[in-house]
Structure formats: C-alpha cells, structure tokens
Amino acid sequence: MVKQNLLISDGKLGGGLAISLEILGEDTCLEISSSSSRRKLMKSESQPGGKVATFLASMRDSSPTRFRDTTDRFGTDERISWVVRHPSALALGMFDQIVHASRGKQIVMFLDYDGTLSPIVEDPDRAFMSDEMREAVKDTAKYFPTAIVSGRCRDKVYSFVRVAGLIYAGSHGMDIKFRNKKSRGEAVSFQPASEYLPMIDEVYQILLEMMESIPGAKVETNKYCLAVHFRCVDENKWSVLAEQVRSVLKGYPKLKLTHGRKVIEIRPAIEWDKGKAVEFLLKSLGYANSDDVLPVYIGDDQTDEDAFKMLRDRGQGVGIIVSRVPKETDASYSLQDPSEVMHFLRRLVEWKQYSNLTY
Ligand SMILES: O=P(O)(O)OC[C@H]1O[C@H](O[C@H]2O[C@H](CO)[C@@H](O)[C@H](O)[C@H]2O)[C@H](O)[C@@H](O)[C@@H]1O
C-alpha cells in the first residue's frame with residue numbers, strides 16, 4: 001500500500017490542507033455508488049427482467065468485490081476531489097472546525113456499530129469491539145450524551161458494546177429504550193414496528209430454511225428486521241440468493257428490502273430509519289428545534305445515510321462517514337476506519353477536558 005501526503009490549497013479551506021491519501025493496493029474493497037452506476041441502475045430497471053437486474057446491481061454496488069488495481073477504476077484526481085469535499089475529521093484545521101461549531105452548544109454523539117466501532121469481519125457474531133474502543137466510548141459518554149444507533153437488535157449491540165449509561169437504538173432505530181438522564185431517569189421506550197414482530201418471525205423461519213441450500217449464506221434476526229448475509233457466498237450464487245429473498249418478500253408486501261455491506265436487510269415498510277431515530281432521540285433529550293445542540297453522527301453504511309441526510313436537511317450537526325474509499329454520501333467529513341473513529345473520540349474528550357479547565 002502506497003501512502004501519499006498531499007498538500008492541497010483551496011481558498012474555501014483557508015490556505016493549505018494536508019491530506020493523507022492512500023493509494024490502496026489489491027486488498028481494497030471498493031465501495032462507491034457513483035452517479036454513472038446509478039444511471040446504469042435506472043436503465044436496467046426499464047429493461048425486461050429489469051427489476052431483478054436492478055436488485056442485483058444495487059447488491060453489487062453496496063457490496064463490491066476486490067479489484068487488483070483500484071487506480072484503474074478511480075483516478076487520483078477523483079480521490080483527491082472526494083477528500084476535499086469530505087475532509088478527514090482529524091485533518092489539520094478540520095477537527096478545530098468541528099469543535100468551533102460546538103461553541104455554546106451541547107454535542108450529542110451518535111455512533112453506528114458495525115464498521116464504525118468494530119471492524120467488518122466475516123462472522124457477524126464475532127464483530128467484537130476492542131477494549132480501547134470501549135474505553136474511548138465510555139469516556140465520550142462522560143462528557144456528551146451518547147447513543148449507539150445500530151441495525152443490530154438492541155440486546156445484541158449492547159452485548160458487544162457493554163457500556164452502561166448510553167442510549168441504545170437497535171433495529172435501525174426501530175427499538176429505542178433508555179433512561180433519560182435529562183429528565184430524572186424517566187423511561188423512554190419507542191418501538192414503531194411492534195405489530196410487525198409475528199410477520200418478521202415468520203419470514204425469519206422461511207429464510208433460515210431456504211438459505212440452507214446456499215453455502216455461506218447466513219440469516220440473522222435483528223428483532224424488528226432481518227439480515228441475510230452473503231459475505232461468505234460465492235459471487236456466482238448472489239443472483240440465486242437475491243432471487244430467493246425477493247420471492248419470499250413477494251408474499252409480504254408490508255416488508256421491504258434494503259442493502260448494506262454484503263447484506264440484504266428485510267424491514268417493515270414504515271417511514272422510520274436511522275435519521276428519524278436520531279430526530280426522536282434529540283427530541284427526547286430536549287433538543288427538538290433547538291439551536292443549543294450539535295449532533296455528531298458517525299457511521300459507515302448505506303443506512304447511516306438517512307441520518308447524514310437528516311442532519312444536512314436540518315442544517316445542524318456534523319455527519320462523518322467511515323470509509324477508506326470515495327463513496328457518495330451526505331456526510332461532511334470522513335474517517336478511514338474504526339481506529340480513526342477511536343482517535344477522533346479520544347481527541348474530542350481531550351479537547352473537552354482541556355476546555356473545562358480553561359473556561
Ligand atoms: O447499523 P450497523 O450497526 O452498522 O449494523 C448493520 C449490520 O451490521 C452487521 O453486518 C455487517 O457487519 C458484519 C460483521 O462485521 C459483517 O459480517 C457483515 O457483512 C456486515 O454487513 C450485522 O450483522 C447486521 O445484522 C447489521 O444489520
């Protein structure tokens with residue numbers, strides 16, 4: 001892996017911005033949803049059998065396989081332009097920009113789990129978070145209200161994080177339950193999809209049985225939603241897997257499919273996502289329509305885009321995407337991987353400790 005340090009001068013950034021840009025080697029996963037690939041998707045949808053093609057294309061889009069030489073596909077210019085538009089939250093001046101935006105406001109921290117606090121691994125049951133990361137999250141929560149917003153079921157994500165006093169929102173925000181420190185420990189509980197539980201269980205049983213015939217496929221229940229993993233499935237079998245999942249869903253029009261990192265997710269077709277969950281949590285914490293808050297959301301996946309978009313639309317807050325490669329996103333800043341997320345959290349805590357001493 002070659003690492004290049006570039007100095008880009010950009011008027012808007014007020015001088016020079018040092019960017020550490022990695023030209024990634026053959027072990028890199030590409031994760032980009034470019035406008036040209038979107039156009040291709042739209043085209044395939046209008047062709048015969050287009051819906052299947054569309055589904056498979058978006059599966060590939062969110063779960064790219066490895067390329068020998070990524071520079072063939074994405075020029076250095078494109079990478080630089082992406083980093084300029086989504087600078088590292090740790091880069092010179094950028095961290096200061098974020099903390100400056102929080103002057104006179106309460107930072108509320110929202111953290112995704114997989115790919116953000118824990119590295120992506122083959123077995124979803126072994127996606128452990130490091131003890132150092134746990135300490136960083138624990139320290140963060142001492143200074144800022146902190147929520148974990150995950151696609152996982154709430155109990156499962158708690159069993160991985162194991163930090164008391166945080167807010168845990170599981171099932172992509174469809175399962176929220178916590179004691180609100182802002183209002184004398186009052187219990188907050190919100191499950192907008194509870195009527196779907198029997199349906200989700202039924203589909204879980206069907207998929208469990210069906211996926212037995214596809215080597216490497218794994219079905220995970222996340223209580224209010226399901227995940228069909230294909231990380232360990234031969235790529236030649238992806239279309240069969242997609243077709244089978246789609247065939248099951250035909251009998252359940254009240255459920256919908258979404259994509260994540262080598263995973264198809266089945267969830268209730270309700271107007272609820274991580275963005276709505278973040279809004280709900282801000283309101284519960286007393287920050288509905290408030291100028292006194294700076295929400296910071298860190299996440300790596302497609303479902304986190306709903307939260308980034310919500311912050312962008314609200315014109316308030318900081319979205320940080322965790323990605324090594326250019327990706328279409330509504331986030332403003334980037335971090336490369338969970339270890340950078342940990343450094344960012346530590347730096348935020350140090351800044352807070354220092355500013356508490358000096359103000
Ligand atoms: O919202 P998140 O906390 O990011 O959860 C999204 C999904 O994450 C998990 O799957 C992903 O991580 C696995 C472990 O690293 C990996 O094997 C898989 O390929 C990824 O898609 C989790 O297992 C899913 O249930 C979540 O929906």
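Numbering of ligands and ligand atoms starts at 1, following listing order. The figures that follow rest on heavy atoms only: side chains count, while hydrogens, waters and symmetry mates do not.
Within the structure, no pair that satisfies the side-chain hydrogen bond (donor to acceptor under 3.5 Å, both in side chains) test touches residues 340-349, not counting sequence neighbours. A salt bridge (Lys or Arg N to Asp or Glu O under 4.0 Å) check over residues 282-295, counting only residues at least two apart or in different chains, returns nothing.
Side-chain atoms of Lys223 and Tyr204 include no donor-acceptor pair closer than 3.5 Å.
Among all heavy-atom pairs drawn from Ser334 and His86, the shortest one is OG-O, 2.7 Å.
With sequence neighbours left out, Ser183 forms a side chain to side chain contact (heavy atoms under 4.5 Å, CB included) with Asn180, Glu186.
The 12-atom threshold is not exceeded at CZ of Arg179, counting heavy atoms of other residues, nucleotides or ligands nearer than 6.0 Å.
Listed as neighbours of ligand 1 are Asp112, Tyr113, Asp114, Pro119, Ile120, Val121, Glu122, Pro124, Ala127, Ser150, Gly151, Arg152, Glu220, Asn222, Ala227, His229, Arg231, Arg261, Val263, Glu265, Lys274, each bearing a heavy atom under 4.0 Å from the ligand.
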